[in-house]
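Everything on this sheet refers to the single structure shown next.
Nothing here was measured: the structure is a model prediction, and the numbers come from that model.
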Amino acid sequence: MSETSDTSTTTAPTAPDEEGRNANRSTTPGSEGFKRFIGDGWAERDETLPPAREQAAHAAARRATVSAAFPGQRLIVPAGDMKQRSNDTDYPFRAHSAFAHLTGWGSDSEPGAVLILEPTADGHEATVYFRERAGRDSEEFYANPAIGEFWIGARPSLVHVAADLALATRDLADLDHLLSAVDTATLVVREADAAITERVDHARIRWAAETALSTNAADTPFSLEVNAEHEPDAELARVLSELRLVKDDYEVAELRAAIDATQRGFTEVLEELPRITSEVRGERVIEGVFATRARLDGNDVGYGSIAAAGPHATILHWTRNDGPVVPGDLVLLDAGVERDSYYTADITRTFPVNGTFSAVQRQVYEAVLEAADAAFAVVRPGAIFREVHAAAMAVIARKTAEWGFLPVSAEESLEPENQFHRRYMVHGTSHHLGLDVHDCAQARRSLYLDGELAPGMVFTIEPGLYFQPDDLTVPAEFRGIGVRIEDDILVTADGAENLSARIPRTVDEVEAWVRGSRG
């Protein structure tokens with residue numbers, strides 16, 4: 001990649017992350033003649049404003065719900081900023097999911113942006129603050145590798161984003177005045193941007209101290225420590241998380257599109273099996289093939305892909321993906337395409353490398369499939385979320401007991417004080433899905449695990465069986481076999497829809513899929 005050090009021989013502003021990284025390597029010309037020459041001779045920009053994007057109306061409705069939950073309180077929802085990977089290189093930017101949900105801004109979000117909901121007499125006024133692009137006559141344009149358009153490409157203007165999101169915008173420089181006015185009623189999404197959170201904490205401490213000095217210490221609303229746990233902020237996080245439990249029509253459509261792209265990625269992996277099996281690190285080829293589809297059809301993968309062949313399939317979060325793919329083994333592929341809107345699929349399929357399950361592999365696979373189908377059968381409005389897991393576990397306990405792996409009967413193993421069958425499946429069966437692969441994670445237990453299912457909820461069903469290579473509680477022929485089947489489920493008005501049902505699931509379907517993809 002090109003050098004990103006050319007900043008310090010001019011007076012061009014630099015982002016904080018860039019300062020000091022390459023001060024001794026800069027070669028950017030600083031003469032007045034050069035500045036005049038590079039600032040002139042550019043074509044006029046196309047300043048045509050876009051129509052509001054599809055998700056803008058949905059985001060406005062979500063902001064209205066949040067506004068009603070926190071009357072009279074200033075709410076700060078940062079997008080977050082770039083994160084350093086090494087020296088002057090950063091990880092690809094991804095805005096915080098709460099920011100994306102409330103603005104409709106996805107993969108084209110600006111790093112450092114902040115959504116402010118400022119209280120008014122009848123609700124809140126919403127404004128997105130972000131760094132306005134510099135003119136081409138500015139040194140920032142050509143000399144700042146962090147934000148200069150010469151380095152990173154075209155950036156949107158304030159008026160462009162205002163039209164695109166149907167949302168008021170202001171320059172990020174104006175945020176300083178607002179943050180200086182923060183009081184102890186102001187709330188912030190703490191995890192989104194550490195620097196913003198620290199500034200809010202300091203401002204709240206200052207406000208509390210000034211209140212105590214001007215009145216009576218006993219009248220101070222509360223005291224704060226910088227970066228300490230703050231229950232009102234946690235309440236904001238809970239509300240924002242719970243707001244995502246039920247998806248609107250736009251969100252469901254995006255999830256469908258993410259699943260369709262994921263299906264294409266899985267099929268393309270199977271088409272590359274000859275190359276995959278010929279490489280020492282065949283799992284890396286699987287990962288790369290799927291990542292290519294994710295970048296073609298979306299923003300990226302929604303999480304680190306698990307491409308686990310042979311005994312690696314027994315490792316629940318195997319993301320090293322550096323092993324061989326050997327005919328006769330199974331491959332467990334857990335992957336999902338993330339759309340530009342950030343909505344992600346989360347699918348797992350387990351398939352035989354040579355296109356045919358062995359007798360023991362088939363036995364394990366069909367048990368997992370039975371557990372998945374049993375879990376799906378209980379999904380309907382009004383059911384309790386944990387009942388989905390319970391239905392899958394009843395099958396897992398019965399099967400492992402029938403095979404002689406448990407020290408007690410299936411019924412005894414299902415007792416809360418036993419759970420011996422969980423040795424072979426220690427994870428849960430389901431989690432909500434959306435902007436985050438594990439969506440709505442800060443929702444209260446009463447609305448999540450113990451909550452009633454409602455139309456519009458989307459979650460996974462993903463039972464599995466994992467027999468570690470050195471597990472002496474199972475016969476030798478089972479050791480090293482790992483199987484997971486994961487689908488994405490939508491709760492409907494009268495039941496449920498398996499959104500990923502088109503991706504082969506049964507033994508016969510999977511075998512035909514593998515053989516057909518290989519020609």
Checklist entry - Going by an N to O cut-off under 4.0 Å, is there a salt bridge joining Asp334 and Arg484? => result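 The answer is yes: the pair qualifies as a salt bridge.
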
Establish, from distance only, whether the side-chain atoms of [X] and [Y] form a donor-acceptor pair under 3.5 Å.
X	Y	answer
Thr89	Asn87	no
Glu338	Thr344	no
Asp346	Thr460	no
Tyr424	Asp471	no
Thr356	Glu511	no
Ser500	Asp487	yes
Ser107	Arg339	no
Thr400	His421	no
Ser305	Glu287	no

Checklist entry - Are the aromatic rings of Phe405 and Phe467 close, with centres under 6.0 Å apart? => result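 Between Phe405 and Phe467, the centre distance is under 6.0 Å.
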
Close side-chain approach of [X] to [Y], heavy-atom, < 4.5 Å:
X	Y	result
Ile503	Ile347	yes
Val189	Asp233	no
Glu251	Val458	no

Checklist entry - What do the steps show when you test Phe351 against Leu330 for side chain to side chain contact (heavy atoms under 4.5 Å, CB included), and what is the final call? => result CA-CA 5 Å; Phe351 58 87; Leu330 298 178; over 6 Å; no

Checklist entry - Which heavy-atom pair separates Val388 from Ala375 by the least distance, and what is that distance? => result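 Here Val388 and Ala375 meet closest at O-CB, 3.5 Å.
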
Next on the checklist: Counting only heavy atoms from other residues, nucleotides and ligands, does the tally under 6.0 Å from CZ of Arg53 exceed 12?
Outcome noted: yes

Next on the checklist: Take a 6.0 Å sphere around NE2 of His438 and say whether it holds more than 12 heavy atoms from other residues, nucleotides or ligands.
Outcome noted: yes

Next on the checklist: Pair Arg380, Leu453 - check side chain to side chain contact (heavy atoms under 4.5 Å, CB included), show working.
Outcome noted: CA-CA 7 Å; Arg380 65 191 184 283; Leu453 301 183; over 6 Å; no

Next on the checklist: Parallel, tilted or perpendicular, judged at 30° and 60°: which one describes the rings of His432 and Phe385?
Outcome noted: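 The rings of His432 and Phe385 lie parallel, inter-plane angle below 30°.
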
Checklist entry - With under 30° as parallel and over 60° as perpendicular, where do the rings of Tyr365 and Phe357 fit, or are they tilted in between? => result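 Correct class here is tilted.
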
Item to check | Step-by-step salt bridge (charged side-chain N to carboxylate O under 4.0 Å, His left out) determination, Arg85 to Asp90 | outcome: CA-CA 5 Å; Arg85 183 180 185 276; Asp90 296 306; over 6 Å; no

Item to check | Aromatic Tyr342 / basic Arg94 pairing, under 6.0 angstrom, 45° off normal | outcome: yes

